Amino acid sequence: MNSDKRLKVYKLLKKIPRGRVSTYGALASRLGMNPRLVGRILGQNSHPEIYPCYRVVRSDGSLGGYTIDSVNNEHSLSVKKKKLLRDGVKFSGERVEKKLIMKTI
DNA sequence: CCGTTGACCAGGC
DNA sequence: GGCCTGGCCAACG
């Protein structure tokens with residue numbers, strides 16, 4: 001994958017403040033990419049220690065995905081939720097509250 | 001060169 | 001909210 005595009009995604013990632021989230025689609029439209037491409041970039045090249053990729057969720061507030069140490073399952077999603085809760089993000093059920101989602105960034 | 005597969009999305013029921 | 005549909009586009013075999 002174009003490492004140029006990866007850099008753009010990661011750079012934008014850092015602009016999401018603690019306690020808020022954005023969506024795959026929002027990042028994608030800001031960068032002129034396809035949402036699926038953003039998802040792939042976050043999945044294949046995530047650096048969980050450095051970049052807060054857990055602050056990206058689906059447009060309806062559901063979690064989307066998360067990958068740690070080549071593990072991608074329900075457990076990894078619970079980790080993602082936990083990180084969000086620690087940031088102060090509020091949930092209604094399994095979805096992030098809509099007002100916390102940044103549609104533009 | 002295809003067919004399938006995604007950390008997706010908007011629109012309809 | 002759930003389920004489907006059609007659209008999207010790069011990666012993989």
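Each chain gets a letter, A, B and so on, in the order the sequences are listed, and its residues count up from 1. Just the heavy atoms: all of them, side chains too, but no hydrogens, waters or symmetry mates, feed the values below. Source: prediction; values computed, not measured.
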Set out, in order, the CA-CA distance, both residues' side-chain angles and the distance that settles side-chain contact (heavy atoms from CB on, under 4.5 Å) for A:Lys11 and A:Lys8, then state yes or no. CA-CA 5 Å; A:Lys11 200 169 191 174; A:Lys8 286 184 184 169; 5.7 Å; no
Do the side chain of [X] and the main chain of [Y] share a donor and acceptor less than 3.5 angstrom apart?
X: A:Arg20; Y: A:Leu100; answer: yes
X: A:Ser76; Y: A:Tyr66; answer: yes
X: A:Asp87; Y: A:Val89; answer: no
X: A:Lys80; Y: A:Gly65; answer: yes

Give the B/S/- string for nucleotides 2-9 of chain C, one per nucleotide from 5' to 3', where a protein heavy atom under 4.0 Å of the base yields B, of only the sugar-phosphate yields S, and otherwise -. S----BBS
Could you work out the separation of B:dA7 and C:dG6 based on their P atoms and round it to a whole Å?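 Going atom to atom, P in each nucleotide, I get 23 Å.
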So [Y] and [X], do their side chains get closer than 4.5 Å, heavy atoms only?
X: A:Lys81; Y: A:Glu94; value: yes
X: A:Tyr51; Y: A:Val56; value: no
X: A:Leu63; Y: A:Leu84; value: yes

Between [atom2] of [N] and [atom1] of [X], the distance in whole Å:
X: A:Lys103; N: B:dC8; atom1: NZ; atom2: P; value: 18 Å
X: A:Arg55; N: B:dA7; atom1: CZ; atom2: C1'; value: 17 Å
X: A:Ile16; N: B:dA7; atom1: CD1; atom2: P; value: 18 Å
X: A:Leu12; N: B:dA7; atom1: CG; atom2: P; value: 20 Å
X: A:Ile41; N: C:dA10; atom1: CD1; atom2: P; value: 10 Å

Which of residues 21-32 of chain A have a heavy atom under 4.0 Å from DNA chain B? A:Thr23, A:Tyr24, A:Gly25
Can you tell me which stems DNA chain C forms when a stem means 3 or more consecutive Watson-Crick or G-U pairs under 3.5 Å? B:2-6 with C:9-13, B:8-13 with C:2-7
May I ask you to verify if any side-chain N or O of A:Thr67 is less than 4.0 angstrom from the OP1 or OP2 atom of B:dA7? no
Using the side-chain heavy atoms of A:Lys5, tell me which of these nucleotides is nearest: C:dA10, B:dA7, B:dC9. C:dA10
Can A:Met33 and A:Val9 be said to form a side-chain contact (heavy atoms from CB on, under 4.5 Å), step by step? CA-CA 10 Å; A:Met33 309 185 191; A:Val9 171; 3.9 Å; yes
Give a yes or no on this: more than 12 heavy atoms of other residues, nucleotides or ligands lie within 6.0 Å of atom CZ of A:Arg30.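 No, because the 6.0 Å sphere around CZ of A:Arg30 holds 12 heavy atoms or fewer from other groups.
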Begin with the C-alpha distance, continue with both residues' side-chain angles, and end with the deciding distance and a verdict on side-chain contact (heavy atoms from CB on, under 4.5 Å) for A:Arg18 and A:Arg55. CA-CA 8 Å; A:Arg18 196 156 52 87; A:Arg55 287 181 189 153; 3.7 Å; yes
